[in-house]
Structure formats: structure tokens, C-alpha cells
Protein chains: 2
Amino acid sequence: MRLTHEQFRELAAKHGLAVTHQRQVVYEAVIASHGHYSPEDIYAAVRRRIPSISLATVYNNLRLFIECGLLREVTPHASTLRVDGNLEPHHHLVCSRCKSVQDIEGDFIDLKRLSRQLPVGFDLTQPLIEVFGLCRSCSAKK
Amino acid sequence: MRLTHEQFRELAAKHGLAVTHQRQVVYEAVIASHGHYSPEDIYAAVRRRIPSISLATVYNNLRLFIECGLLREVTPHASTLRVDGNLEPHHHLVCSRCKSVQDIEGDFIDLKRLSRQLPVGFDLTQPLIEVFGLCRSCSAKK
DNA sequence: CCATTATTTTATACTGATTATTATTCAATA
DNA sequence: TATTGAATAATAATCAGTATAAAATAATGG
Ligand SMILES: [Mn+2]
Ligand SMILES: [Mn+2]
Ligand SMILES: [Zn+2]
Ligand SMILES: [Zn+2]
């Protein structure tokens, strides 16, 4: 499942990125991981192939890849804690760009289908959903 | 919409919390905010009524209220960035306790109903959903 | 109401994740 | 191959949040 240098070269060209050895190895480490890992995890994996690489380079390139759409960010939230005093069951709409949160109501989840897809043991007693998209002002800007 | 001292006293008793002035004011600030605010935001609001309050007290009490179920946490994610190399459209199951992330597939979203509930201008071009619950090992422990 | 004890608050130090800075090295390209 | 702009590495700085310990306050029993 490892990309050849040629394949990465094409991807980079498509997005206007310079091809560096570090970039290639960082990208391949994420693709090979098949999971949802942190920059530190990726750093540890990449260091096995490039012991001299800097953690900052891993961060820089992960951010770059996310911006270009080569990778997906799994935690597209505000980076700080947010609290909600509204205990009525309700879901949230989160803006992927500005991280704002709005309430959303309504039964738009097919619980039957969802349950069918759940791995065994996963407890969904009170399902809480977040839907990501772009809020009004962010989609207007873009 | 402000709680009386008597009402907060009851809530605290129900959860075995000592009643302090700081606690009452922090709680009321969240309830009065009608939004999804950060500890710093709450701190700023509370300082208007208790100028000498410490930021640590705000953090302590917000955490306490979340644990007791008096407040809901809006950002129940791992506190560090996570990346995903899988660009196929798919959703995520997130464990509210250990923050692990699993992929989940399947059409369990009623897009018609969801669209009906969306505020105007919200761009849901490629809907990404996160479903929160307890993973197998965390629900077993509990 | 007062004294005792447990809890809470404050002030401050500390940690971990991430970003900024800058000198050096490297990739693109002519 | 030489030039030049971009990327990297090393390191300092920042920011959110947590830990610690002394001082203040709340709960409890007389
Ligand atoms: Mn809400
Ligand atoms: Mn995934
Ligand atoms: Zn937005
Ligand atoms: Zn878990």
C-alpha cells in the first residue's frame, strides 16, 4: 500500500507543493497508519526513516496536507473547552472553518440503520451528533 | 432566567456539592450565556460579579459541573490534533470517555430532515458526522 | 452561635501541545 | 551548475489547562 515516489510527485504537483523527502515520508506514514493518529505518533513513525527530522516539520506538513485536502482533520473543533448549559437533548452544527457551534434539533438520524452499523459493545445510550459544514458567514466569504 | 440562591442550593445538594458564592456565579454565568463558551469567556463574565475570582476556580467548577451532569461539554474530543488519511466519505464514532475514534459507514442520516432543520446559509456540501457514545472497553468498565 | 474539620479558593508554578523565529539547507528551474 | 525562493531544523515562545500548597470558607456537631 506504499506510494511510489512517482505517485507522490504527482500529488504534490497537483497541489503546487515542492517534493521533499520529509514530505513524502510524513505523508506515507499517515497513509500507512490506517487510523486516527496524533502528530507525535506520526513523528515517532517518521523518525524511524528520518532520525533527524524535526517535530515542527511534521506539524507543518500535516497542516499543509490538511489545507490541501490530502488529509482529513479528525478534530475540527475549537481547540479550547466549550460548555453548554442547555441539557435538553439536542445536536450541534459545527463550522469547520471558524469552529462556531449552533444548536440543531430534529430527528434526522435513522437509529435503526445506525445501530446496525455500530461495532459490538458501543454504547449509544443518548446519541449525540455533530454535523460539520460551513456556517453562513464562512460559506459567504468563500 | 437567573436562578435564585435557593434553586442553586437544591441543585448542589442533589449532587453533593458544597454551595459557594463562586460556584453559584459560575453556574449562572453559563446558564445566562445561552451559547457555547470557553472557560475564558465565563471567567470574564464572572469577574464582573466577583473581581477577585481565580481562573483556576472557573476551570475547577466547570469540570465539576460537567462531571456531575449540570453542564454539557461541547468539545468531547482528544485534546490533540488527529489526522486521517482515508479520504473516502465516512463518519466517525467517538468515545466520550477515552476519545478513541472509529470509522462508521452507512446512510443513517435523513438528509431531507437535516436540510429542513438547517439555518439558512449553512453549507453542508459534504456532510461529515460524528456520533458520540462509549466504546466497548469504556462501557464495559463502567 | 462557636469550634472543629473538611472542602474550596487563590496564587503561582508547571506541563504539554502547538506556533514562531531564524539560520541553514535544499528543491526548482533556467 | 548557479541562482533563488522555499523548506527544514533547532530552539524559543505561547497558550490552555493542571498541580500544588497556603489561606479562606463551608459544613457539622455541640
Ligand atoms: Mn448546544
Ligand atoms: Mn476515519
Ligand atoms: Zn464559520
Ligand atoms: Zn472509550
Side-chain angles (χ1 to χ4, degrees), chain A residues 5-6 8-30 36-44 46-47 49-68 70-71 73-83 99, chain B residues 5-6 8-30 36-44 46-47 49-68 70-71 73-83 99:
Chain A
H5 280 237
E6 209 42 62
F8 181 77
R9 199 170 284 270
E10 278 172 33
L11 254 180
K14 201 172 84 180
H15 293 277
L17 305 179
V19 173
T20 68
H21 184 49
Q22 286 86 341
R23 252 168 216 180
Q24 169 135 25
V25 175
V26 168
Y27 182 74
E28 284 182 6
V30 178
H36 307 95
Y37 291 98
S38 69
E40 287 282 352
D41 295 330
I42 305 300
Y43 179 54
V46 168
R47 283 226 277 187
R49 289 177 64 192
I50 313 177
S52 64
I53 198 170
S54 157
L55 178 59
T57 297
V58 173
Y59 270 98
N60 287 340
N61 286 320
L62 290 179
R63 281 277 165 226
L64 186 72
F65 294 157
I66 289 167
E67 273 161 32
C68 292
L70 266 67
L71 298 180
E73 181 175 358
V74 182
T75 49
H77 263 298
S79 58
T80 68
L81 175 66
R82 297 299 153 93
V83 294
K99 320 300 188 192
Chain B
H5 280 237
E6 210 42 60
F8 181 78
R9 199 169 283 270
E10 277 172 33
L11 254 180
K14 200 172 84 181
H15 292 277
L17 305 180
V19 173
T20 69
H21 184 48
Q22 286 85 341
R23 248 166 218 181
Q24 168 136 22
V25 173
V26 168
Y27 182 74
E28 284 181 5
V30 177
H36 307 95
Y37 292 97
S38 69
E40 288 282 352
D41 295 330
I42 305 299
Y43 179 53
V46 169
R47 281 227 278 187
R49 290 176 62 191
I50 313 177
S52 65
I53 199 171
S54 155
L55 178 59
T57 297
V58 174
Y59 271 100
N60 287 341
N61 286 319
L62 291 180
R63 281 277 165 228
L64 186 72
F65 294 157
I66 288 167
E67 273 162 31
C68 292
L70 267 66
L71 298 180
E73 181 174 358
V74 182
T75 50
H77 262 300
S79 58
T80 69
L81 176 67
R82 298 298 155 93
V83 294
K99 320 299 188 190

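Computed over heavy atoms, backbone and side chain alike; hydrogens, waters and symmetry mates excluded. Each chain gets a letter, A, B and so on, in the order the sequences are listed, and its residues count up from 1.
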Consider the side chain of A/R23, meaning its heavy atoms from C-beta on, and name the nucleotide among C/dT10, D/dT8, D/dA9 that approaches it most closely.
-> D/dT8
Distance, rounded to the nearest Å, where A/H21 contributes NE2 and C/dT25 contributes P | 18 Å
For atom CD1 of A/I53 and atom P of C/dT24, their distance in whole Å | 21 Å
Euclidean distance, atom CG of residue B/L55 to atom C1' of C/dA13 [Å, nearest integer] = 14 Å
In whole angstroms, how far is the P atom of D/dA10 from the CZ atom of A/R47?
-> 10 Å
Could you state the atom-to-atom distance from CD1 of B/I50 to C1' of C/dT10 in whole Å?
-> 13 Å
Here the distance between atom P of D/dG17 and atom OH of B/Y43, to the nearest Å, is 14 Å
Of the listed C/dA11, C/dT18, C/dT9, the closest approach to the A/P39 side chain comes from C/dT18
Tell me what A/L81 touches on the nucleic acid: a base, only sugar-phosphate, or nothing, going by heavy atoms under 4.0 Å.
-> sugar-phosphate
Whole-Å distance separating the NE2 atom of A/H77 from the P atom of D/dG17 | 14 Å
Map B/L17 and B/Y59 onto DNA chain D by nearest heavy atom, then report which one ends up closer to the 5' terminus.
-> B/Y59
Could you check A/E67 against A/E73 for side-chain contact (heavy atoms from CB on, under 4.5 Å), going step by step and ending with a plain yes or no?
-> CA-CA 9 Å; A/E67 273 161 32; A/E73 181 175 358; over 6 Å; no
Give B/S52 one of three labels, base, sugar-phosphate or nothing, depending on what nucleic acid heavy atoms sit under 4.0 Å from its own.
-> sugar-phosphate
For B/F65, what residues pass the ring pair (Phe, Tyr, Trp, His ring centres under 6.0 Å) criterion, not counting sequence neighbours?
-> B/Y27
Roughly how far apart are B/R82 CZ and B/H77 NE2, rounded to 0.5 Å?
-> 10.5 Å
Nucleotide of D/dA7, C/dT10, D/dA27 approaching A/A18 most closely (side-chain heavy atoms) = D/dA7
Closest-nucleotide 5' rank along DNA chain C - winner of B/N61 and A/N60 | B/N61
Could you walk me through whether B/T57 and B/V46 pass the side-chain contact (heavy atoms from CB on, under 4.5 Å) test, one step at a time?
-> CA-CA 11 Å; B/T57 297; B/V46 169; over 6 Å; no
Exam field: side chain B/R23 to backbone B/A18, donor-acceptor pair closer than 3.5 Å = yes
Separation of D/dG17 P from B/D41 CG (nearest whole Å) | 11 Å
Taking OP1 and OP2 of C/dT10, is either one under 4.0 Å from a side-chain nitrogen or oxygen of B/Q22?
-> yes
Which of the following nucleotides, C/dT8, C/dA17, D/dA16, is nearest to the side chain of B/T20?
-> C/dT8
Identify, between B/R9 and B/R63, the residue whose nearest nucleotide on DNA chain D lies closer to the 5' end.
-> B/R63
